[in-house]
Amino acid sequence: MAAPPALPKSRQQFILAILMLCSLLIWIENTVLSTALETLADPVRGLGADPGQLQWATGAYTLAFATLMFTSGALGDRFGHRTVFSGGLVIFAASSLWAAYASGAGQLIAARAAMGVGSALITPAMMAILMWTFTGSARAAAIGIFSTSAGVGMAAGPVLAGFLLDHFWWGSVFLINVPVAAFAFAGLTLLVPNFRSPVPRPLDPAGMLLSISGLVALAYGLIRAGQVAAWGRPDVWAPIVAGLVLLAVFVLVELRLKAPSFDPRLFAQRTFGGGNVALGLLLFGVAAITFYSAFYLQGALGFSPMKAGLANIPTALGALVGAPLASRLVRRLPLRLVTVPALTVAALTMGAYGFLGLHTPLIWIEILLLVQGLSIGMVIGPVTAALISDLPLEQAGAGSAVTNTVRQTGSVIGIAVGGTIMSIMYRRAIEPSLEGASGPVQEQARVSAEQARHVAATIHQPSLAQAADDAFVHAMHVGAGWIAAIALLGAAVLLITLPAAGKKAPAPESDHADAHTSESRSTV
């Protein structure tokens with residue numbers, strides 16, 4: 001990478017402020033929807049969306065993010081990272097406005113997918129501009145400051161969403177993005193040079209199309225299974241098979257490229273491949289259990305959106321403490337000795353949702369969320385930094401692309417599978433309580449617990465609402481067991497693939513610098 005042009009210190013600080021604002025915007029957007037899910041499912045206050053539609057509203061964003069992020073860096077090489085960043089902000093703001101005023105679940109899903117496109121263009125460009133703007137010790141300090149935006153966004157997102165939902169309509173959680181994006185766009189245009197790489201990387205349109213179509217087909221089949229409660233139907237198994245075939249072709253195409261955006265050959269390296277599989281399984285569990293938590297807190301327990309947002313703060317606080325704690329521990333202990341127990345604890349906290357009920361004291365829920373955030377934070381940061389730092393310099397960019405894509409893909413599949421288990425088990429559990437009810441009541445109550453509560457209030461049958469709560473809790477218990485088992489599989493993978501002793505992970509400062517520098521190499 002060529003030496004970046006020297007910029008005045010004041011201008012560097014303004015650029016860092018703009019980048020942090022955009023990062024905060026992305027992280028808040030990653031968390032606000034979980035707080036709004038219960039409202040969106042409500043036929044009166046929201047869109048009356050069924051579980052499958054909510055899975056797509058959540059997954060469409062992540063899916064677009066996952067499949068376009070490794071291509072957007074190459075676009076920045078060719079057209080300049082400020083140009084790509086600006087385009088991403090425009091798309092993000094316009095699609096946020098579209099989502100805010102969506103008239104139905106289908107429009108919301110499409111708008112969320114477009115928001116994912118905008119985020120995929122923004123995120124790699126942010127790191128590229130950061131690396132071009134700062135050098136030497138100033139770069140390490142800037143990365144440390146920049147990384148705090150993730151924790152702030154994780155903590156602020158649910159609370160902000162809760163406040164907006166308590167005082168305004170559901171679309172306000174998306175509308176708030178528009179003025180922030182407009183302000184960031186103005187600052188970007190006035191202050192940030194249009195950095196670009198002197199040696200552009202080739203674009204990968206075939207890989208992009210194959211990965212998108214494969215993941216969409218796979219996610220569709222998995223979500224469809226929850227809607228029809230049958231795996232033997234052609235509209236369930238055919239998309240799943242087609243998705244797996246397309247993803248296999250994607251891998252074969254990438255293997256034939258000299259400089260692939262997503263390099264499957266890296267999985268042949270035991271530690272790198274195993275570590276990424278473990279992270280993918282962990283993010284699978286995180287996405288699925290977060291999906292459950294949103295409906296548990298606001299639906300089954302009846303929390304207001306604001307109270308639910310505040311209840312989720314321990315998760316963010318735990319993650320903020322866990323990441324630096326693990327970075328210090330891996331300076332003295334083998335990475336495996338730190339991360340395998342942490343991932344095991346994270347999996348057990350997911351399984352502990354199987355013990356939550358309608359009368360569980362809030363203090364136990366808060367302790368569970370705190371431990372969960374702490375253990376997750378102790379895994380993701382150290383494992384990611386160690387995997388990237390172990391790669392040769394010339395493979396760092398490809399390694400970062402692989403790691404980011406695997407993590408986002410794990411989230412997409414986690415939402416699809418976790419939501420499908422919940423839908424199937426809920427439908428089976430509510431069925432005995434629907435005997436004697438009219439056809440329309442039965443049909444609406446089978447859709448989701450939210451729909452059942454609404455129809456119960458309409459026909460003045462509180463017993464139906466109680467049955468829906470019990471059915472949801474049963475479904476959550478079953479789903480939590482499966483999610484915990486899959487996350488525990490990730491711990492087993494780490495145990496097998498990470499070295500038992502020997503080289504320690506880098507010091508905390510190096511962790512941040514290596515991880516983010518490597519990520520920037522995939523975009524610069």
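Just the heavy atoms: all of them, side chains too, but no hydrogens, waters or symmetry mates, feed the values below.
Counting heavy atoms from C-beta outward, Phe250 and Leu246 have side chains that stay 4.5 Å or more apart. The closest side-chain heavy-atom distance from Leu310 to Phe303 is not below 4.5 Å. Put simply, the side chain of Thr344 does not reach to within 4.5 Å of the side chain of Pro341, judged on heavy atoms. Between Leu25 and Leu21, the closest side-chain pair of non-hydrogen atoms is not below 4.5 Å. Between Met306 and Val159 there is a side-chain heavy-atom pair separated by less than 4.5 Å. In this structure the side chain of Ile380 reaches within 4.5 angstrom of the side chain of Arg407, judged on heavy atoms. The shortest side-chain heavy-atom distance between Trp56 and Tyr220 falls under the 4.5 Å cut-off. Proximity of Leu33 to Phe174: side-chain heavy atoms (C-beta onward) are separated by under 4.5 Å at one or more points.
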Query - Stepwise side-chain contact (heavy atoms from CB on, under 4.5 Å) test for Tyr296 and Thr360 - result: CA-CA 11 Å; Tyr296 172 65; Thr360 301; 3.9 Å; yes

Requested in this report: Give the C-alpha distance, both sets of side-chain angles, the deciding distance and a yes or no for side-chain contact (heavy atoms from CB on, under 4.5 Å) between Gln372 and Leu369.
Outcome: CA-CA 5 Å; Gln372 187 175 87; Leu369 293 176; 4.2 Å; yes

Query - Criterion side-chain contact (heavy atoms from CB on, under 4.5 Å) on Tyr292 and Ile483, from CA distance to verdict - result: CA-CA 11 Å; Tyr292 286 15; Ile483 293 166; 3.8 Å; yes

Report task. In sequence, state the C-alpha distance, the side-chain angles, and the governing distance for Ser304 and Lys307, and then conclude on side-chain contact (heavy atoms from CB on, under 4.5 Å). Result -> CA-CA 5 Å; Ser304 69; Lys307 186 176 181 180; 3.4 Å; yes

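When all heavy atoms are compared, the tightest approach of Pro382 to Ala326 is CG-CB, 3.3 Å. Closest heavy-atom contact between Gln298 and Pro305: OE1-CG, 3.7 Å. Closest non-hydrogen pair, Arg233 versus Arg224, comes out as NH2-NH2, 3.5 Å. The two residues Leu368 and Ala352 come nearest to each other via the heavy atoms CD1-CB, 3.7 Å. Of all non-hydrogen atoms in Leu343 and Leu494, the two that sit nearest each other are CD2-CD1, 3.8 Å. Closest of all the heavy-atom pairs between Ala294 and Leu37 is CB-CD1, 4.0 Å.
Of the inter-residue distances, the one linking Thr315 atom OG1 with Ile289 atom CD1 reads 11.0 Å to the nearest 0.5 angstrom. From Leu282, atom CG reaches atom CD1 of Ile376 across 5.5 Å, with rounding to the nearest 0.5 Å. The OG1 atom of Thr271 lies 10.5 Å from the CZ atom of Arg336; values are rounded to the nearest 0.5 Å. To the nearest 0.5 Å, the span separating OG1 on Thr62 from CE on Met115 amounts to 11.0 Å. A distance of 14.0 Å separates CG in Leu333 from CZ in Arg328, rounded to the nearest 0.5 Å. Note that CD1 of Ile415 is 10.5 Å distant from CZ of Phe284, once rounded to the nearest 0.5 Å.
A side-chain donor-acceptor contact under 3.5 Å links Thr290 to the backbone of Val286. In terms of modelled atom types and a separation under 3.5 Å, the side chain of Asn312 and the main chain of Ala308 share a donor-acceptor contact. Using a distance-only test at 3.5 Å, with no hydrogens or angles considered, a donor-acceptor pair links the side chain of His477 to the main chain of Leu356. Remark: side-chain polar atoms of Gln55 are paired, donor with acceptor, to backbone N or O of Ala416 under 3.5 angstrom. A donor-acceptor contact shorter than 3.5 Å links the side chain of Ser213 to the backbone of Leu210. Within the 3.5 Å criterion, the main-chain N or O of Val251 finds no donor-acceptor partner in the side chain of Glu254.
At a threshold of 4.0 Å, the pair Arg453-Asp469 counts as salt-bridged, since one of the basic side-chain nitrogens sits closer than that to a carboxylate oxygen.
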